[in-house]
> 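Have a look at the structure that comes next, please.
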Amino acid sequence: MTDTILNTLIIGSGPAGYTAAIYACRAQLEPVLITGSEVGGQLTTTPEIENWPSRKDNPDGFSLMFEMGEHAKALGTKIVNDEVVKVNFKDKIKEITTKTGTVYKTKTVIICTGAKAKYLGLESESIYKGHGVSACATCDGFFFRNKTVAVVGGGSAAFVEALYLANLCQKVYLIHRRDSFRAEKVLVEKLKNHPKVEMVLNATVKEVLGDGNVVSGLKLNTQDGDKEIAVNGMFVAIGHEPATAIFKDELELLNDGTIKIGFGTATSTSVKGVFAAGDCADNVYRQAITSAGMGCSAALDAERYLMD
Ligand code: FAD
Ligand code: NAP
(Lines give C-alpha, C1' and ligand atoms only; values in the text may rest on other atoms or scores of the structure.)
(Ligands and ions follow the chains in the order given, each with its own letter.)
Protein backbone atom coordinates (compact mmCIF):
# COMPACT_ATOMS: atom_id res chain seq x y z
CA MET A 1 0.00 0.00 0.00
CA THR A 2 1.42 3.44 -0.91
CA ASP A 3 0.94 6.12 1.80
CA THR A 4 0.54 8.98 -0.65
CA ILE A 5 -2.98 9.98 -1.58
CA LEU A 6 -2.96 10.86 -5.27
CA ASN A 7 -5.14 13.55 -6.84
CA THR A 8 -5.79 11.52 -9.97
CA LEU A 9 -5.09 8.00 -11.11
CA ILE A 10 -5.69 7.20 -14.78
CA ILE A 11 -6.32 3.62 -15.89
CA GLY A 12 -5.34 2.90 -19.51
CA SER A 13 -2.82 4.15 -22.06
CA GLY A 14 -4.92 4.63 -25.21
CA PRO A 15 -5.82 8.03 -26.69
CA ALA A 16 -8.29 8.67 -23.83
CA GLY A 17 -5.79 7.86 -21.05
CA TYR A 18 -2.85 9.79 -22.49
CA THR A 19 -4.99 12.85 -23.29
CA ALA A 20 -6.49 12.79 -19.78
CA ALA A 21 -2.91 12.67 -18.45
CA ILE A 22 -1.81 15.65 -20.56
CA TYR A 23 -4.71 17.76 -19.24
CA ALA A 24 -4.29 16.51 -15.66
CA CYS A 25 -0.60 17.52 -15.75
CA ARG A 26 -1.46 20.99 -16.98
CA ALA A 27 -3.92 21.26 -14.06
CA GLN A 28 -1.00 20.28 -11.77
CA LEU A 29 -2.79 17.14 -10.54
CA GLU A 30 0.44 15.08 -10.79
CA PRO A 31 -1.35 12.06 -12.32
CA VAL A 32 -0.24 8.45 -12.19
CA LEU A 33 -1.21 6.46 -15.30
CA ILE A 34 -1.37 2.65 -15.26
CA THR A 35 -0.85 1.39 -18.80
CA GLY A 36 -2.43 -2.06 -18.75
CA SER A 37 -1.07 -4.89 -20.87
CA GLU A 38 -1.68 -3.15 -24.22
CA VAL A 39 0.58 -0.10 -23.94
CA GLY A 40 -0.82 2.53 -26.33
CA GLY A 41 -4.18 0.77 -26.70
CA GLN A 42 -6.04 -0.57 -29.74
CA LEU A 43 -4.56 1.91 -32.20
CA THR A 44 -1.12 0.30 -31.87
CA THR A 45 -2.49 -2.61 -33.92
CA THR A 46 -3.28 -0.55 -37.01
CA PRO A 47 -0.75 0.12 -39.80
CA GLU A 48 -2.14 3.45 -41.00
CA ILE A 49 -4.27 6.22 -39.54
CA GLU A 50 -5.83 8.53 -42.09
CA ASN A 51 -8.06 10.57 -39.83
CA TRP A 52 -5.93 12.01 -37.03
CA PRO A 53 -6.19 15.78 -37.59
CA SER A 54 -2.91 17.42 -38.68
CA ARG A 55 -1.27 14.06 -39.59
CA LYS A 56 -1.82 13.88 -43.33
CA ASP A 57 1.29 11.67 -43.47
CA ASN A 58 -0.97 8.79 -42.24
CA PRO A 59 1.19 7.58 -39.33
CA ASP A 60 1.11 3.98 -38.12
CA GLY A 61 -0.79 3.52 -34.86
CA PHE A 62 2.22 2.46 -32.84
CA SER A 63 4.18 5.64 -33.66
CA LEU A 64 1.23 7.93 -33.00
CA MET A 65 0.57 6.35 -29.61
CA PHE A 66 4.27 6.36 -28.71
CA GLU A 67 4.35 10.12 -29.38
CA MET A 68 1.21 10.61 -27.29
CA GLY A 69 2.78 8.71 -24.40
CA GLU A 70 6.00 10.75 -24.68
CA HIS A 71 3.93 13.95 -24.56
CA ALA A 72 2.14 12.83 -21.38
CA LYS A 73 5.47 11.80 -19.83
CA ALA A 74 7.22 15.08 -20.76
CA LEU A 75 4.53 17.05 -18.93
CA GLY A 76 5.11 15.00 -15.75
CA THR A 77 2.79 11.97 -15.85
CA LYS A 78 4.12 9.07 -13.81
CA ILE A 79 3.57 6.13 -16.17
CA VAL A 80 3.46 2.68 -14.55
CA ASN A 81 3.55 -0.56 -16.57
CA ASP A 82 1.05 -2.58 -14.56
CA GLU A 83 -2.56 -3.70 -14.74
CA VAL A 84 -5.44 -2.89 -12.42
CA VAL A 85 -7.06 -6.05 -11.04
CA LYS A 86 -9.35 -4.66 -8.34
CA VAL A 87 -10.98 -1.37 -7.44
CA ASN A 88 -12.76 -0.15 -4.32
CA PHE A 89 -14.86 2.95 -4.89
CA LYS A 90 -16.93 2.73 -1.67
CA ASP A 91 -15.19 5.58 0.18
CA LYS A 92 -14.23 9.13 -0.74
CA ILE A 93 -10.60 7.99 -1.11
CA LYS A 94 -10.61 5.24 -3.75
CA GLU A 95 -8.34 2.18 -3.67
CA ILE A 96 -6.84 0.66 -6.80
CA THR A 97 -4.99 -2.67 -6.65
CA THR A 98 -2.66 -3.78 -9.42
CA LYS A 99 -1.42 -7.16 -10.66
CA THR A 100 1.97 -6.60 -9.00
CA GLY A 101 0.23 -6.05 -5.65
CA THR A 102 0.54 -2.27 -5.32
CA VAL A 103 -2.46 -0.54 -3.74
CA TYR A 104 -2.91 3.10 -4.74
CA LYS A 105 -5.07 5.59 -2.83
CA THR A 106 -6.51 8.42 -4.88
CA LYS A 107 -9.09 11.22 -4.69
CA THR A 108 -10.19 10.78 -8.30
CA VAL A 109 -10.01 8.00 -10.87
CA ILE A 110 -10.24 8.37 -14.66
CA ILE A 111 -11.12 5.06 -16.29
CA CYS A 112 -9.89 4.75 -19.90
CA THR A 113 -9.73 0.96 -20.28
CA GLY A 114 -11.07 0.93 -23.85
CA ALA A 115 -12.20 -2.30 -25.42
CA LYS A 116 -10.96 -5.82 -26.25
CA ALA A 117 -11.34 -7.74 -29.52
CA LYS A 118 -14.37 -10.03 -29.84
CA TYR A 119 -14.10 -13.54 -31.29
CA LEU A 120 -16.78 -15.64 -32.99
CA GLY A 121 -17.02 -18.03 -30.04
CA LEU A 122 -16.52 -21.26 -32.03
CA GLU A 123 -14.81 -24.19 -30.34
CA SER A 124 -12.63 -24.74 -33.43
CA GLU A 125 -11.64 -21.05 -33.34
CA SER A 126 -10.20 -21.35 -29.83
CA ILE A 127 -8.10 -24.37 -30.86
CA TYR A 128 -6.15 -22.25 -33.38
CA LYS A 129 -6.03 -18.91 -31.48
CA GLY A 130 -2.45 -17.62 -31.68
CA HIS A 131 -1.52 -20.07 -34.44
CA GLY A 132 -3.80 -19.49 -37.39
CA VAL A 133 -6.57 -17.44 -35.78
CA SER A 134 -5.86 -13.83 -34.84
CA ALA A 135 -7.61 -10.51 -34.17
CA CYS A 136 -4.66 -8.34 -35.22
CA ALA A 137 -3.31 -8.25 -38.77
CA THR A 138 -0.45 -5.87 -37.98
CA CYS A 139 0.68 -8.17 -35.17
CA ASP A 140 0.37 -11.49 -37.03
CA GLY A 141 -0.03 -10.74 -40.76
CA PHE A 142 3.66 -11.22 -41.43
CA PHE A 143 3.35 -14.97 -40.67
CA PHE A 144 0.95 -15.28 -43.61
CA ARG A 145 2.94 -13.55 -46.36
CA ASN A 146 2.27 -15.10 -49.77
CA LYS A 147 -0.45 -17.27 -48.20
CA THR A 148 -4.25 -17.16 -48.30
CA VAL A 149 -6.21 -15.72 -45.40
CA ALA A 150 -9.76 -14.76 -44.51
CA VAL A 151 -10.90 -11.66 -42.64
CA VAL A 152 -14.28 -11.87 -40.91
CA GLY A 153 -16.36 -8.70 -40.41
CA GLY A 154 -17.93 -5.80 -42.26
CA GLY A 155 -16.81 -2.77 -40.22
CA SER A 156 -13.90 -0.37 -40.81
CA ALA A 157 -11.53 -2.55 -38.78
CA ALA A 158 -12.17 -5.59 -41.05
CA PHE A 159 -11.58 -3.49 -44.15
CA VAL A 160 -8.37 -1.95 -42.80
CA GLU A 161 -7.12 -5.42 -41.83
CA ALA A 162 -8.04 -6.88 -45.23
CA LEU A 163 -6.27 -4.06 -47.10
CA TYR A 164 -3.17 -4.50 -44.99
CA LEU A 165 -3.17 -8.29 -45.53
CA ALA A 166 -3.77 -7.88 -49.28
CA ASN A 167 -0.34 -6.22 -49.48
CA LEU A 168 1.30 -9.23 -47.83
CA CYS A 169 -0.74 -12.25 -48.85
CA GLN A 170 -1.46 -14.06 -52.07
CA LYS A 171 -5.22 -13.86 -51.56
CA VAL A 172 -7.63 -12.42 -49.00
CA TYR A 173 -11.25 -13.42 -48.53
CA LEU A 174 -13.50 -10.89 -46.78
CA ILE A 175 -16.33 -12.82 -45.14
CA HIS A 176 -19.32 -10.84 -43.95
CA ARG A 177 -22.69 -11.97 -42.65
CA ARG A 178 -24.64 -9.35 -44.63
CA ASP A 179 -24.24 -7.67 -48.03
CA SER A 180 -23.92 -4.11 -46.75
CA PHE A 181 -21.15 -2.73 -44.59
CA ARG A 182 -20.61 -0.52 -41.57
CA ALA A 183 -17.14 0.35 -42.89
CA GLU A 184 -16.34 3.81 -44.21
CA LYS A 185 -17.22 4.15 -47.90
CA VAL A 186 -13.68 5.06 -48.89
CA LEU A 187 -12.42 1.75 -47.45
CA VAL A 188 -15.18 -0.25 -49.15
CA GLU A 189 -14.27 1.23 -52.55
CA LYS A 190 -10.56 0.48 -52.03
CA LEU A 191 -11.20 -3.15 -51.12
CA LYS A 192 -13.87 -3.84 -53.76
CA ASN A 193 -11.38 -2.93 -56.47
CA HIS A 194 -8.43 -4.83 -55.02
CA PRO A 195 -7.29 -7.64 -57.36
CA LYS A 196 -6.24 -9.95 -54.51
CA VAL A 197 -9.51 -9.67 -52.55
CA GLU A 198 -12.62 -11.80 -52.90
CA MET A 199 -15.71 -10.90 -50.91
CA VAL A 200 -17.92 -13.70 -49.60
CA LEU A 201 -21.14 -12.04 -48.50
CA ASN A 202 -24.19 -13.26 -46.58
CA ALA A 203 -21.89 -15.90 -45.12
CA THR A 204 -20.86 -16.95 -41.61
CA VAL A 205 -18.03 -19.15 -40.41
CA LYS A 206 -19.29 -22.48 -39.07
CA GLU A 207 -15.95 -24.12 -38.35
CA VAL A 208 -12.21 -23.52 -38.60
CA LEU A 209 -10.73 -26.55 -40.32
CA GLY A 210 -7.27 -28.02 -39.75
CA ASP A 211 -5.25 -30.84 -38.23
CA GLY A 212 -5.32 -29.42 -34.69
CA ASN A 213 -2.07 -27.50 -35.19
CA VAL A 214 -2.34 -25.77 -38.57
CA VAL A 215 -5.38 -24.13 -40.16
CA SER A 216 -6.28 -25.44 -43.62
CA GLY A 217 -9.67 -23.93 -44.33
CA LEU A 218 -13.05 -22.64 -43.20
CA LYS A 219 -16.48 -24.19 -43.38
CA LEU A 220 -18.94 -21.45 -44.27
CA ASN A 221 -22.68 -21.21 -44.04
CA THR A 222 -23.81 -19.35 -47.17
CA GLN A 223 -27.13 -18.60 -48.87
CA ASP A 224 -26.39 -21.52 -51.21
CA GLY A 225 -25.68 -23.94 -48.36
CA ASP A 226 -22.41 -25.00 -46.72
CA LYS A 227 -19.19 -24.27 -48.56
CA GLU A 228 -15.50 -24.84 -47.75
CA ILE A 229 -12.67 -22.48 -48.65
CA ALA A 230 -8.95 -23.22 -48.31
CA VAL A 231 -7.12 -20.67 -46.12
CA ASN A 232 -3.99 -20.65 -43.97
CA GLY A 233 -5.36 -18.23 -41.41
CA MET A 234 -8.42 -16.36 -40.17
CA PHE A 235 -8.43 -12.78 -38.89
CA VAL A 236 -11.48 -11.93 -36.80
CA ALA A 237 -12.48 -8.26 -36.93
CA ILE A 238 -16.04 -8.21 -35.61
CA GLY A 239 -15.69 -5.40 -33.10
CA HIS A 240 -14.64 -5.01 -29.54
CA GLU A 241 -16.31 -5.22 -26.15
CA PRO A 242 -15.63 -2.72 -23.37
CA ALA A 243 -12.93 -3.77 -20.87
CA THR A 244 -15.06 -3.05 -17.82
CA ALA A 245 -15.43 -6.37 -15.96
CA ILE A 246 -13.45 -5.18 -12.92
CA PHE A 247 -15.89 -2.28 -12.42
CA LYS A 248 -19.15 -4.25 -12.57
CA ASP A 249 -19.71 -4.33 -8.79
CA GLU A 250 -18.67 -0.71 -8.27
CA LEU A 251 -20.24 1.30 -11.11
CA GLU A 252 -23.45 1.36 -13.11
CA LEU A 253 -22.88 -0.26 -16.52
CA LEU A 254 -25.12 -0.42 -19.59
CA ASN A 255 -26.35 -3.85 -20.78
CA ASP A 256 -23.44 -4.18 -23.22
CA GLY A 257 -20.88 -3.47 -20.47
CA THR A 258 -20.25 0.17 -21.39
CA ILE A 259 -19.73 2.38 -18.33
CA LYS A 260 -22.73 4.65 -17.81
CA ILE A 261 -21.68 8.31 -17.68
CA GLY A 262 -23.38 11.71 -17.57
CA PHE A 263 -24.11 11.78 -13.83
CA GLY A 264 -23.75 15.56 -13.43
CA THR A 265 -20.95 16.18 -15.91
CA ALA A 266 -20.32 14.51 -19.27
CA THR A 267 -17.77 11.98 -17.99
CA SER A 268 -19.01 11.45 -14.40
CA THR A 269 -19.88 7.86 -13.52
CA SER A 270 -22.41 6.70 -10.92
CA VAL A 271 -19.73 7.18 -8.21
CA LYS A 272 -18.57 10.68 -7.29
CA GLY A 273 -14.88 11.24 -8.08
CA VAL A 274 -14.78 8.46 -10.70
CA PHE A 275 -14.81 9.51 -14.34
CA ALA A 276 -14.71 7.45 -17.55
CA ALA A 277 -13.59 8.27 -21.09
CA GLY A 278 -13.11 6.65 -24.48
CA ASP A 279 -14.37 3.30 -25.80
CA CYS A 280 -15.08 1.93 -22.29
CA ALA A 281 -17.76 4.61 -21.90
CA ASP A 282 -18.85 5.16 -25.52
CA ASN A 283 -20.79 2.62 -27.57
CA VAL A 284 -21.53 5.02 -30.42
CA TYR A 285 -18.53 6.88 -31.87
CA ARG A 286 -15.49 4.79 -30.79
CA GLN A 287 -12.78 6.76 -32.61
CA ALA A 288 -9.31 7.80 -31.52
CA ILE A 289 -10.23 11.48 -31.69
CA THR A 290 -13.50 11.11 -29.77
CA SER A 291 -11.69 9.04 -27.11
CA ALA A 292 -9.01 11.71 -26.80
CA GLY A 293 -11.72 14.38 -26.53
CA MET A 294 -13.46 12.45 -23.76
CA GLY A 295 -10.10 12.02 -21.98
CA CYS A 296 -9.70 15.80 -22.02
CA SER A 297 -13.24 16.28 -20.63
CA ALA A 298 -12.62 13.70 -17.88
CA ALA A 299 -9.45 15.46 -16.69
CA LEU A 300 -11.27 18.81 -16.64
CA ASP A 301 -14.20 17.19 -14.75
CA ALA A 302 -11.76 15.67 -12.22
CA GLU A 303 -10.04 19.04 -11.76
CA ARG A 304 -13.38 20.75 -11.06
CA TYR A 305 -14.44 17.97 -8.67
CA LEU A 306 -11.20 18.45 -6.70
CA MET A 307 -11.79 22.22 -6.48
CA ASP A 308 -15.27 21.82 -4.88
P1 FAD B 1 -7.96 1.76 -26.06
O2 FAD B 1 -7.20 2.30 -27.21
O3 FAD B 1 -8.73 0.51 -26.20
O4 FAD B 1 -6.95 1.62 -24.84
C5 FAD B 1 -7.35 1.00 -23.65
C6 FAD B 1 -6.21 1.01 -22.68
O7 FAD B 1 -6.67 0.53 -21.41
C8 FAD B 1 -5.05 0.09 -23.09
O9 FAD B 1 -3.83 0.77 -22.89
C10 FAD B 1 -5.16 -1.09 -22.11
O11 FAD B 1 -3.89 -1.67 -21.82
C12 FAD B 1 -5.72 -0.39 -20.89
N13 FAD B 1 -6.40 -1.27 -19.93
C14 FAD B 1 -7.45 -2.12 -20.15
N15 FAD B 1 -7.76 -2.78 -19.02
C16 FAD B 1 -6.90 -2.32 -18.07
C17 FAD B 1 -6.68 -2.63 -16.71
N18 FAD B 1 -7.43 -3.54 -16.05
N19 FAD B 1 -5.68 -2.00 -16.03
C20 FAD B 1 -4.92 -1.06 -16.66
N21 FAD B 1 -5.09 -0.71 -17.95
C22 FAD B 1 -6.05 -1.36 -18.64
N23 FAD B 1 -9.96 4.99 -34.73
C24 FAD B 1 -9.70 6.06 -35.49
O25 FAD B 1 -10.10 7.18 -35.13
N26 FAD B 1 -8.98 5.97 -36.64
C27 FAD B 1 -8.48 4.80 -37.09
O28 FAD B 1 -7.86 4.73 -38.15
C29 FAD B 1 -8.75 3.63 -36.30
N30 FAD B 1 -8.27 2.43 -36.70
C31 FAD B 1 -8.50 1.32 -35.92
C32 FAD B 1 -7.99 0.10 -36.34
C33 FAD B 1 -8.20 -1.03 -35.59
C34 FAD B 1 -7.63 -2.36 -36.07
C35 FAD B 1 -8.93 -0.95 -34.37
C36 FAD B 1 -9.14 -2.16 -33.53
C37 FAD B 1 -9.46 0.28 -33.95
C38 FAD B 1 -9.25 1.42 -34.73
N39 FAD B 1 -9.77 2.67 -34.36
C40 FAD B 1 -9.51 3.77 -35.12
C41 FAD B 1 -10.54 2.83 -33.12
C42 FAD B 1 -9.58 3.37 -32.00
O43 FAD B 1 -8.43 2.55 -31.92
C44 FAD B 1 -10.30 3.40 -30.65
O45 FAD B 1 -11.49 4.14 -30.75
C46 FAD B 1 -9.41 4.04 -29.57
O47 FAD B 1 -8.16 3.38 -29.49
C48 FAD B 1 -10.07 3.99 -28.20
O49 FAD B 1 -9.21 4.60 -27.30
P50 FAD B 1 -9.32 4.37 -25.73
O51 FAD B 1 -8.25 5.21 -25.13
O52 FAD B 1 -10.69 4.55 -25.28
O53 FAD B 1 -9.01 2.82 -25.50
P1 NAP C 1 -18.00 -2.42 -35.96
O2 NAP C 1 -18.08 -1.16 -36.72
O3 NAP C 1 -18.91 -2.61 -34.79
O4 NAP C 1 -18.22 -3.62 -37.01
C5 NAP C 1 -18.25 -4.94 -36.58
C6 NAP C 1 -18.57 -5.83 -37.78
O7 NAP C 1 -18.50 -7.19 -37.38
C8 NAP C 1 -19.96 -5.60 -38.34
O9 NAP C 1 -19.91 -5.64 -39.74
C10 NAP C 1 -20.76 -6.76 -37.78
O11 NAP C 1 -21.77 -7.20 -38.65
C12 NAP C 1 -19.72 -7.85 -37.69
N13 NAP C 1 -20.02 -8.80 -36.62
C14 NAP C 1 -20.27 -8.54 -35.32
N15 NAP C 1 -20.46 -9.68 -34.63
C16 NAP C 1 -20.35 -10.69 -35.52
C17 NAP C 1 -20.43 -12.09 -35.42
N18 NAP C 1 -20.67 -12.71 -34.26
N19 NAP C 1 -20.27 -12.82 -36.53
C20 NAP C 1 -20.01 -12.24 -37.73
N21 NAP C 1 -19.89 -10.90 -37.88
C22 NAP C 1 -20.07 -10.13 -36.80
O23 NAP C 1 -16.53 -2.68 -35.36
P24 NAP C 1 -15.07 -2.28 -35.93
O25 NAP C 1 -14.98 -2.51 -37.38
O26 NAP C 1 -14.11 -2.97 -35.02
O27 NAP C 1 -14.97 -0.73 -35.64
C28 NAP C 1 -15.08 -0.24 -34.28
C29 NAP C 1 -14.98 1.27 -34.27
O30 NAP C 1 -13.64 1.65 -34.63
C31 NAP C 1 -15.94 1.91 -35.25
O32 NAP C 1 -16.49 3.05 -34.64
C33 NAP C 1 -15.06 2.28 -36.41
O34 NAP C 1 -15.53 3.43 -37.09
C35 NAP C 1 -13.71 2.54 -35.74
N36 NAP C 1 -12.65 2.27 -36.71
C37 NAP C 1 -12.33 3.27 -37.57
C38 NAP C 1 -11.39 3.08 -38.53
C39 NAP C 1 -11.11 4.19 -39.45
O40 NAP C 1 -11.61 5.27 -39.23
N41 NAP C 1 -10.33 4.04 -40.49
C42 NAP C 1 -10.76 1.85 -38.66
C43 NAP C 1 -11.12 0.82 -37.78
C44 NAP C 1 -12.08 1.05 -36.82
P45 NAP C 1 -23.12 -6.34 -38.86
O46 NAP C 1 -22.71 -5.18 -39.69
O47 NAP C 1 -24.01 -7.31 -39.53
O48 NAP C 1 -23.59 -5.96 -37.48
Side-chain angles (χ1 to χ4, degrees), residues 38 42-50 58 60-62 116-241:
E38 191 177 34
Q42 287 171 66
L43 221 51
T44 57
T45 66
T46 194
E48 202 176 56
I49 298 160
E50 288 189 9
N58 301 349
D60 66 273
F62 184 85
K116 284 201 181 83
K118 281 195 222 163
Y119 283 87
L120 296 169
L122 303 168
E123 206 181 312
S124 54
E125 175 190 55
S126 52
I127 295 173
Y128 298 103
K129 241 184 227 177
H131 48 111
V133 171
S134 168
C136 176
T138 23
C139 319
D140 300 325
F142 192 69
F143 301 116
F144 298 91
R145 59 194 186 285
N146 302 323
K147 297 196 168 162
T148 299
V149 296
V151 176
V152 183
S156 289
F159 277 70
V160 169
E161 302 264 279
L163 281 165
Y164 176 75
L165 289 164
N167 286 330
L168 285 176
C169 302
Q170 193 185 62
K171 179 169 181 137
V172 177
Y173 289 100
L174 188 282
I175 299 166
H176 180 40
R177 63 184 178 185
R178 296 189 293 137
D179 58 5
S180 58
F181 308 106
R182 290 177 198 274
E184 281 178 52
K185 305 252 171 318
V186 63
L187 295 170
V188 176
E189 285 314 310
K190 272 189 194 171
L191 203 72
K192 264 186 180 165
N193 299 322
H194 201 294
K196 285 193 198 166
V197 176
E198 180 178 336
M199 294 204 186
V200 187
L201 304 180
N202 299 309
T204 53
V205 178
K206 252 179 128 175
E207 194 181 341
V208 182
L209 305 170
D211 63 1
N213 290 311
V214 178
V215 171
S216 59
L218 299 177
K219 185 185 271 185
L220 304 178
N221 187 350
T222 73
Q223 279 181 329
D224 306 321
D226 284 1
K227 175 181 170 183
E228 284 187 13
I229 55 169
V231 298
N232 305 104
M234 174 175 84
F235 288 83
V236 184
I238 60 167
H240 285 67
E241 57 194 5

> Could you grab the distance from atom CG of Asn202 to atom CD of Gln223, nearest 0.5 Å is fine?
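Going from the CG atom of Asn202 to the CD atom of Gln223 covers 4.0 Å.
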
> A quick test of your reading: do over 12 heavy atoms of other residues, nucleotides or ligands sit less than 6.0 Å from OH of Tyr119?
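Above 12, so yes.
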
> Side chain of Lys219, backbone of Asp226: donor and acceptor closer than 3.5 Å?
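No, the answer is negative, given that no donor and acceptor are paired below the 3.5 Å cut-off.
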
> For residues Ala237 and Ala157, report the shortest heavy-atom separation together with the two atoms involved.
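Taking every non-hydrogen atom into account, CB-C, 4.2 Å.
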
> Write down the atom of Gly141, the atom of Leu165, and the distance for their closest heavy-atom approach.
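Distance-wise, the nearest heavy atoms are CA-CD2, 3.7 Å.
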
> Should Leu218 and Leu209 count as side-chain neighbours, where that means a heavy-atom distance under 4.5 Å?
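Leu218 vs Leu209: side chains apart.
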
> Within the distance-only criterion (no hydrogens, no angle test), does the side chain of Thr204 pair as donor or acceptor with the backbone N or O of Arg177 below 3.5 angstrom?
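Absent.
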
> If you look at every heavy atom in Glu161 and Ala135, which pair is closest and at what distance?
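Closest approach of Glu161 to Ala135, heavy atoms only: OE1-O, 3.7 Å.
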
> Once rounded to the nearest 0.5 Å, what's the spacing between atom CG of Asn221 and atom NZ of Lys206?
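Spacing of CG (Asn221) from NZ (Lys206) equals 5.5 Å.
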
> Are the side chain of Ser126 and the backbone N or O of Glu123 linked by a donor-acceptor pair below 3.5 Å?
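The answer is yes, because a donor-acceptor pair under 3.5 Å joins these two groups.
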
> How many angstroms lie between NZ in Lys192 and CG in Leu174, if you round to the nearest 0.5 Å?
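Spacing of NZ (Lys192) from CG (Leu174) equals 11.0 Å.
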
> Applying side-chain contact (heavy atoms from CB on, under 4.5 Å), run through Met234 and Val205 and close with a yes or a no.
CA-CA 10 Å; Met234 174 175 84; Val205 178; 4.2 Å; yes

> Taking only residues two or more places apart in sequence, or in another chain, which ones meet Phe144 in a ring pair (Phe, Tyr, Trp, His ring centres under 6.0 Å)?
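With neighbours one apart ignored, the set is Phe235.
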
> I'd like to know if Glu50 and Lys190 make a salt bridge, using a cut-off of under 4.0 Å between side-chain N and carboxylate O.
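Yes, charged N to carboxylate O under 4.0 Å.
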
> If I compare all heavy atoms of Val151 with all of Ala158, which pair ends up nearest, and what's the gap?
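For Val151 versus Ala158, the nearest heavy atoms are CG1-O, 3.6 Å.
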
> Evaluate side-chain contact (heavy atoms from CB on, under 4.5 Å) for Ile127 paired with Val208, printing each intermediate quantity in order.
CA-CA 9 Å; Ile127 295 173; Val208 182; over 6 Å; no

> I need the full list of ring-ring contact (aromatic ring centres under 6.0 Å, His included) pairs touching residues 164-211, with sequence neighbours left out, sorted by first then second residue.
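Matches after skipping sequence neighbours: Phe159-Phe181, His176-Phe181.
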
> If you compare all heavy atoms of Gly233 against all heavy atoms of Val215, which two are closest, and at what distance to 0.1 Å?
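Closest heavy-atom pair between Gly233 and Val215: N-CG1, 4.2 Å.
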
> Pick from Asn232, Val149, Thr148: which one makes a side-chain contact (heavy atoms from CB on, under 4.5 Å) with Gln170?
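When Asn232, Val149, Thr148 are each tested with Gln170, the side-chain contact (heavy atoms from CB on, under 4.5 Å) holds only for Thr148.
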
> Is the number of heavy atoms from other residues, nucleotides or ligands within 6.0 Å of NZ (Lys147) greater than 12?
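At most 12 heavy atoms, drawn from other residues, nucleotides or ligands, come within 6.0 Å of this atom.
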
> So, taking the atom named CD1 in Ile229 and the one named CD in Glu198, what distance separates them when rounded to the nearest 0.5 Å?
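Going from the CD1 atom of Ile229 to the CD atom of Glu198 covers 8.0 Å.
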
> Looking at every non-hydrogen atom in both residues, tell me the closest pair between Ala166 and Val197 and how far apart they are.
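Residues Ala166 and Val197, closest heavy atoms: CB-CG2, 4.0 Å.
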
> With rounding to the nearest 0.5 Å, note down the distance linking OG1 in Thr222 to CG in Leu201.
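Going from OG1 on Thr222 over to CG on Leu201, the span is 11.0 Å.
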
